[in-house]
> 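Quick one: the structure is below, questions incoming.
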Amino acid sequence: MRSYRTLLRTPEYTPFLLSFAAHAAAQTIGGLALATLVYRTTGSPLLSAVSMFGPQLAQLVGAAFLLSGADRLPPRAVLTVISLAFAAGTAVLALPGLPLWAVFVVLLVQGLVASLGGGVRGGLMNEILPKGGYVLGRSVFNMLWGLIQITGFAVGGALLTLLSPRVCLLLAAACYVVSALVNHLGLTARPPRSAGRPSLSATWRSNALLWSSRPRRLAYLGLWVPNGLVVGGDSLYVSYAPEAAGTMYACGALGMFIGDLAVGRLVPPALRPRLATPLRLLLAAPYLFFFLRPSVALSVMAATVASVGFAASLVLQERLMAHTPDELAGQALGLHTTGMVALQGIGAVLAGTLAQLTSPATAMTLMAAASIAVTVTLFALDRRHGPDDVTPDLTEPRQAHG
């Protein structure tokens, strides 16, 4: 599948995208509003970064107990419940006088609930799209996320100049409700992909199977660690340039959109596997210069260029799915999403701690240097083993994607 027209005519794909768009808009506006509220209240770069990205750490716990539900629960019902739970939690965060510890308790619960979301969406998209359509479909999904971030951060930044952060949180809660309605009305009530009830033992058994393959391990690490370190640095935008944070996030999302468009639509399939390492290096390299404290204009330009490198995830997800059987597609993508956001949360905590000890600019530079070091190490390990797009994984049936 190489045509956007054909893709968008695929039954259920459009409402699937619309429900995600509403959820993503709520997450973007609400995250910026909460980080701003916490920073205004505490003056702490660490707490501001953790409030925006730290809840993703809770997804590690949720993944240990709930991730098997990505393939063993009906997807429409799960996505609807997740959006409603986020709507309720975000409305609570908007309550005046809510103590800081209560804010983080709510964020912890939201992180646990969200641990199912990535796997359920990824598995459902894999069902909706025909074979061979995953990369193009995922690139459109990622580009939509980029557009929503551009719009959401720009609108969120503008709203914060006109409205209080608590009012912006209530607007985010309303967007979550819209997402739930679109899920319920626009998607078919599909049965689970796998039999059995979600359980801790089933989750651990499937996770162990997914992790047992060396090509899958390298793909997971490439998806998680370089990305997580850079996003950890990005979490300092609010403390690095408080008045321009919304612009930096929006332009970073624009760079991500450009990268996903180029890799998903323009790059020939035969060339895509070669781009994983160069794109991950691009993701981090521009931030090496932030210790010089460039002007806001140059900082925005660097964030835009660097974010093109997020398209490496398309290449690595295609590689991951090529080594994963259909019945584990949801959990495989859920494990990817959980690991990615958890590493982003860890990155936010690490970057916030470094910023407390040094400065936001220095912390962003150090996080970028660490990301480059990890990418180079993973490249060396992959070369030693041989390219996993050439050497098949014989432990599982090979799935024909891309």
Side-chain angles (χ1 to χ4, degrees), residues 59-60 62-64 66-72 115-127 129 131-132 134-135 137-138 142 193-194 201-229 263 269 272-277 279-280 310-344 346 371 374-402:
Q59 293 196 33
L60 281 176
L66 305 173
L67 199 51
S68 61
D71 294 303
R72 299 181 181 216
S115 62
L116 269 178
V120 173
R121 282 196 185 88
L124 179 59
M125 183 166 61
N126 200 45
E127 282 191 86
L129 296 176
K131 296 293 184 183
Y134 180 83
V135 170
R138 186 73 194 199
N142 289 354
R193 282 178 295 276
S194 298
S201 60
T203 297
W204 277 95
R205 188 164 55 246
S206 296
N207 283 347
L209 177 60
L210 290 168
W211 193 252
S212 66
S213 162
R214 191 177 193 275
R216 283 197 294 262
R217 284 198 302 273
L218 290 175
Y220 276 130
L221 291 172
L223 284 162
W224 295 345
V225 185
N227 177 303
L229 291 168
V263 173
R272 276 200 301 259
R274 302 174 184 271
L275 297 180
T277 297
L279 286 170
R280 281 179 287 172
F310 281 117
S313 66
L314 283 178
V315 181
L316 293 169
Q317 284 179 53
E318 182 180 29
R319 189 178 300 179
L320 174 66
M321 296 311 293
H323 290 283
T324 302
D326 284 337
E327 62 271 18
L328 287 177
Q331 185 155 347
L333 291 167
L335 184 60
H336 150 56
T337 302
T338 299
M340 179 184 69
V341 299
L343 263 294
Q344 289 174 357
I346 292 171
S371 178
V374 171
T375 293
V376 171
T377 301
L378 291 174
F379 175 78
L381 291 173
D382 189 47
R383 292 301 93 190
R384 187 191 308 173
H385 175 71
D388 58 13
D389 56 288
V390 176
T391 305
D393 175 14
L394 300 178
T395 62
E396 300 289 351
R398 188 173 177 85
Q399 185 180 7
H401 276 284

> Is a donor on one side and an acceptor on the other found under 3.5 Å between the side chain of Y220 and the backbone of A332?
yes
> What's the verdict on side chain to side chain contact (heavy atoms under 4.5 Å, CB included) for L378 and D382, showing C-alpha distance, side-chain angles and the deciding distance?
CA-CA 6 Å; L378 291 174; D382 189 47; over 6 Å; no
> What are the two closest non-hydrogen atoms of M340 and N227, and how far apart are they?
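Minimum heavy-atom separation between M340 and N227: CG-OD1, 4.1 Å.
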> On a heavy-atom basis, which atom in P273 and which in P269 lie closest, and how many Å separate them?
CD-O, 3.3 Å
> Is there side-chain contact between F310 and V263, with at least one heavy-atom pair below 4.5 Å?
no
> Suppose we screen for side chain to side chain contact (heavy atoms under 4.5 Å, CB included). Which residues come up paired with A276, at least two apart in sequence or across chains?
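So A276 forms a side chain to side chain contact (heavy atoms under 4.5 Å, CB included) with R280, V315, L316, R319.
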> Can you name the residues that form a side chain to side chain contact (heavy atoms under 4.5 Å, CB included) with R217, not counting sequence neighbours?
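If we apply the side chain to side chain contact (heavy atoms under 4.5 Å, CB included) test to R217, skipping adjacent residues, the hits are W211, R214.
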> How many angstroms lie between CG in L229 and CD1 in I346, if you round to the nearest 0.5 Å?
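Between atom CG of L229 and atom CD1 of I346 there are 9.5 Å.
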> Within this structure, what is the NE2-CG distance for the pair H323 and L218, rounded to the nearest 0.5 Å?
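So the NE2 of H323 and the CG of L218 are separated by 10.0 Å.
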> Check ring-ring contact (aromatic ring centres under 6.0 Å, His included) between F379 and all other residues, then give those that pass, not counting sequence neighbours.
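F379: no ring-ring contact (aromatic ring centres under 6.0 Å, His included) contacts found.
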> Hey, what do you get for OG (S313) to CG (L320), rounding to the nearest 0.5 Å?
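The distance works out to 11.5 Å.
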> Any salt bridge (charged side-chain N to carboxylate O under 4.0 Å, His left out) pairs touching residues 331-341, not counting sequence neighbours?
none
> How close do L279 and A311 get, heavy atom to heavy atom, and via which atoms?
CD1-C, 3.9 Å
